[in-house]
Amino acid sequence: MARETVRPTVTEYIRRLKNKLMFIEAKNLVFSYKEDAPPVIDGMELKIEKGTFTAIIGHNGSGKSTLAKLLCGLLIPTGGSVTVDGMPTNDEKMQYDIRKKCGMVFQNPDNQIVASVVEEDVAFAPENLGVPPAEIRHRVNSVLKAVGMEEYAKHSTYKLSGGQKQRVAIAGILAMEPECIFFDEATAMLDPAGQRDIIASMKMLNREKAMTVVAITHHMNEAVEADRVIVLNHGKIYADGTPLQVFSDVENILRAKLSVPQVTELFYMLENNGCRCGTDVLHTMEAAERIEKLFK
Amino acid sequence: MIKDITIGQFFPGDTLLHRTDPRFKIIILITFLTSVLAAKSTVAFMAVLCSTLILLVLSEINLRILLKSVKPLLFILIFTAVINLFFVKGESMLLHWHFIKIYKEGIVNAVMMVLRLVCLVVGTSVLLSYTTSPLDMTDGLERVLSPLKYIKVPVHEFSMMMTIALRFIPTLVEETDKIISAQKARGVSFDTGGLLKRVRALIPILIPLFYSAIRRAYELAEAMECRLYRGGEGRTRMKVPHVKGSDYIFLFVMLAVCVGIFLLNSYEVPFI
Ligand SMILES: Nc1ncnc2c1ncn2[C@@H]1O[C@H](COP(=O)(O)OP(=O)(O)OP(=O)(O)O)[C@@H](O)[C@H]1O
Ligand SMILES: [Mg+2]
């Protein structure tokens with residue numbers, strides 16, 4: 001009898017399941033670097049589901065890096081709360097477990113490389129975790145291969161180019177095997193081919209390894225690849241949705257001092273000049289098809 | 001210009017000295033230095049010279065590079081030689097001119113002192129700095145010193161500091177070069193004027209350098225935390241040193257040489 005009453009309804013059950021899958025949750029998040037300074041993050045509600053690929057965009061100084069550090073527990077919120085997989089980041093005892101789950105590739109690769117030899121640096125995180133030596137060796141080799149740096153395993157980190165350092169930094173985090181990775185403008189120093197490679201590996205991690213990926217970027221063609229785009233402006237969420245929803249509202253994006261993907265901009269201009277073609281286009285091939293149709 | 005500074009001049013190679021376990025090399029080096037300092041008689045000294053030569057041949061290090069490492073010591077060498085030459089008194093005087101008296105013992109002493117210093121420097125370079133990568137060296141030091149952990153010596157922290165220093169020295173050197181160029185472009189001159197003026201000209205280099213070093217340190221600490229660093233406890237290493245038979249043989253030979261030199265100390269070459 002009593003059992004009957006506590007059994008959840010189907011909708012309730014789905015809600016619970018969804019909550020369980022919610023990986024990172026920020027409630028009324030406020031953060032400022034100094035007490036009297038205006039907050040960098042100003043009252044933010046955010047949920048990131050497990051296994052999703054999210055892109056964060058926003059102009060310089062809009063608080064993207066700060067938000068990422070808050071979400072993976074490197075910074076402690078001054079107001080509100082952040083929980084990672086149910087663990088609040090302001091709980092000192094949970095911090096190590098949170099860091100194990102969330103890796104972060106920082107903006108400046110120079111200051112996140114610890115050792116002077118590539119493979120030693122990649123091995124740093126698993127060494128800290130206490131992984132057995134043979135397993136570390138295996139991880140290092142496979143991760144270096146994944147970022148295309150296996151020939152450089154024995155090279156000195158100091159002599160690498162900026163893009164190569166960035167790849168080593170990414171490998172260093174991958175070797176940790178976290179559940180979630182934040183990429184803070186990880187492709188900023190890469191050439192177009194390198195950028196494509198890294199985006200492809202982000203997608204691969206997301207699809208095949210079911211890893212939660214959060215990519216901060218200034219490249220709109222990178223943001224387009226995500227499942228969800230969050231636009232930050234003055235420490236607040238300015239827009240949030242699928243890439244199509246976010247970018248097709250071109251005027252809104254331009255108002256936040258950002259740009260939209262080139263093809264979307266093209267269609268926006270066409271639309272403004274009286275061509276009824278819509279602005280909900282993100283990829284070049286789609287655009288080509290749409291234009292072809294227009295001319296028929 | 002600053003780029004020419006090399007720290008930990010390691011010459012990669014694949015000789016016996018390169019292959020020997022760094023921990024063993026440190027102990028072998030200590031044994032070797034002990035025998036160099038212990039050799040008193042001329043016979044023992046000959047043995048020291050021979051073993052240094054053998055090490056030198058084993059390392060396959062270019063002689064010109066080796067001379068470079070001895071060069072900074074030239075002043076000390078000459079100074080030692082002169083002091084020994086003029087101030088050691090003995091029985092057989094070879095030269096007496098005004099107040100200068102040179103004895104045979106003085107010459108022998110001077111030569112021995114100079115050679116002893118050269119042996120010390122060559123031995124250390126050949127055994128350790130030229131044939132061990134800096135990383136292996138810090139690693140080896142950490143392992144050799146690890147028993148000190150039990151008396152609360154922060155061995156791991158020390159070796160981590162060395163690793164990071166080695167990693168950042170080239171970066172900071174490059175940065176210094178950049179700052180110097182930037183300040184020169186703004187018209188700061190570093191090589192004119194008196195001493196005080198030149199020292200003052202360094203301020204616009206040092207302040208940005210310190211600022212950036214501190215910022216780097218802050219970011220590095222954040223990145224290390226993110227990569228789960230929390231000190232030496234529970235940490236494993238990717239490279240597990242495996243001790244080879246040749247390591248033991250090398251160490252054993254060196255210990256034998258050391259004992260031999262102590263024994264040879266009671267023999268003198270008859271004619272010197
Ligand atoms: N360590 C810090 N101490 C004080 N203020 C900081 C610190 N880091 C960032 N800020 C300030 O916080 C604000 C947001 O910085 P943040 O680095 O998060 O921006 P961002 O969106 O990542 O910018 P970018 O696109 O340039 O990387 C900026 O106004 C910056 O000046
Ligand atoms: Mg940033």
Side-chain angles (χ1 to χ4, degrees), chain A residues 65 68-69 72-75 95-117 119-141 153-154 156-159 165 169 172-173 175-178 181-182 184, chain B residues 3 5-10 12 14 132-139 142 156 159-175 177-178 211-242:
Chain A
S65 302
K69 284 179 194 167
C72 64
L74 284 175
L75 289 176
Q95 256 166 17
Y96 196 72
D97 293 308
I98 291 174
R99 281 186 198 138
K100 256 195 258 181
K101 285 180 189 280
C102 291
M104 179 153 169
V105 181
F106 293 86
Q107 217 164 343
N108 185 350
D110 236 339
N111 297 345
Q112 55 183 316
I113 290 177
V114 182
S116 35
V117 178
E119 58 173 14
E120 295 276 340
D121 184 72
V122 176
F124 185 67
E127 282 180 344
N128 288 333
L129 267 170
V131 175
E135 163 77 9
I136 299 182
R137 169 58 66 191
H138 174 74
R139 279 195 199 183
V140 168
N141 289 348
K154 305 247 186 269
S156 149
T157 45
Y158 153 68
K159 286 181 190 136
K165 280 184 194 163
I173 294 297
M176 200 170 115
E177 300 189 344
I181 303 191
F182 287 81
D184 191 351
Chain B
K3 279 207 186 103
I5 302 172
T6 47
I7 305 270
Q9 302 158 306
F10 167 56
D14 191 29
T132 319
S133 84
L135 216 69
D136 286 344
M137 192 136 65
T138 45
D139 213 37
E142 180 176 353
H156 167 77
S159 111
M160 186 47 97
M161 261 163 54
M162 297 255 286
T163 310
I164 290 173
L166 285 169
R167 148 76 185 82
F168 275 91
I169 283 168
T171 312
L172 289 179
V173 166
E174 197 180 76
E175 190 144 284
D177 256 358
K178 264 191 215 155
Y211 174 78
S212 117
I214 288 168
R215 207 202 59 230
R216 273 179 199 284
Y218 178 81
E219 278 184 26
L220 180 72
E222 203 166 43
M224 282 171 71
E225 269 192 352
C226 186
R227 286 166 76 184
L228 306 173
Y229 181 69
R230 51 172 178 184
E233 211 126 312
R235 200 170 133 81
T236 50
R237 302 307 306 268
M238 173 170 68
K239 285 189 182 144
V240 195
H242 43 273

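Proteins get letters first, then strands, A, B, ... in listed order; numbering begins at 1 in each. Both backbone and side-chain heavy atoms feed into the values below; hydrogens, waters and symmetry mates do not.
In B:Tyr218, the OH atom is not crowded: 12 or fewer heavy atoms of neighbouring residues, nucleotides or ligands sit closer than 6.0 Å.
Here the closest heavy-atom approach between residue A:Lys100 and residue B:Leu228 is recorded as N-CD2, 3.7 Å. Counting all heavy atoms, side chain and backbone alike, B:Arg215 lies closest to A:Asn111 at NH2-ND2, 4.2 Å. When all heavy atoms are compared, the tightest approach of A:Cys102 to B:Cys226 is O-SG, 4.5 Å. Smallest separation of non-hydrogen atoms from B:Ala223 and A:Gln112: CB-CB, 3.5 Å.
For the options A:Val117, A:Asn128, A:Asp121, heavy-atom pairs under 4.5 Å to chain B are most numerous at A:Asn128. Interface summary for chain B: among A:Met176, A:Arg137, A:Glu135, the most heavy-atom pairs under 4.5 angstrom belong to A:Arg137. Ranked by heavy-atom pairs under 4.5 Å with chain A, the list B:Glu222, B:Arg216, B:Arg227 is led by B:Arg227.
Put simply, the side chain of B:Thr236 gets close to the backbone of A:Val131: a donor and an acceptor are under 3.5 Å apart.
Within the 4.5 angstrom heavy-atom criterion, no atom of A:Ile98 approaches chain B. Neither the backbone nor the side chain of A:Pro178 comes within contact range of chain B; no heavy atom of the residue lies under 4.5 Å from a heavy atom of that chain. Both the backbone and the side chain of A:Phe124 come within less than 4.5 Å of a heavy atom of chain B. Within the 4.5 angstrom heavy-atom criterion, atoms from both the backbone and the side chain of A:Glu119 approach chain B. Both the backbone and the side chain of A:Met104 come within contact range of chain B, judged by heavy atoms closer than 4.5 Å. For chain B, no part of A:Val105 is nearby; none of its heavy atoms comes within less than 4.5 Å. Of the two parts of A:Lys159, neither the backbone nor the side chain holds a non-hydrogen atom closer than 4.5 Å to a non-hydrogen atom of chain B.
Rounded to the nearest 0.5 angstrom, B:Met238 CE and A:His138 NE2 are separated by 13.5 Å. In this structure, CG on A:Asp110 lies 7.0 Å from CZ on B:Phe168, to the nearest 0.5 angstrom. One distance of note links CD of A:Glu127 with NZ of B:Lys239; it measures 9.5 Å at 0.5 Å rounding. Here A:Arg99 contributes atom CZ and B:Arg230 contributes atom CZ; the two are 10.5 Å apart, rounded to the nearest 0.5 Å. Between atom OG of residue B:Ser133 and atom NZ of residue A:Lys154 there is a gap of 10.5 Å, rounded to the nearest 0.5 Å.
Two residues are said to be in side-chain contact when any heavy atoms from C-beta on lie closer than 4.5 Å; B:Leu220 and A:Val114 meet this criterion. At a threshold of 4.5 Å between non-hydrogen side-chain atoms, the residues B:Glu219 and A:Phe106 do not count as touching.
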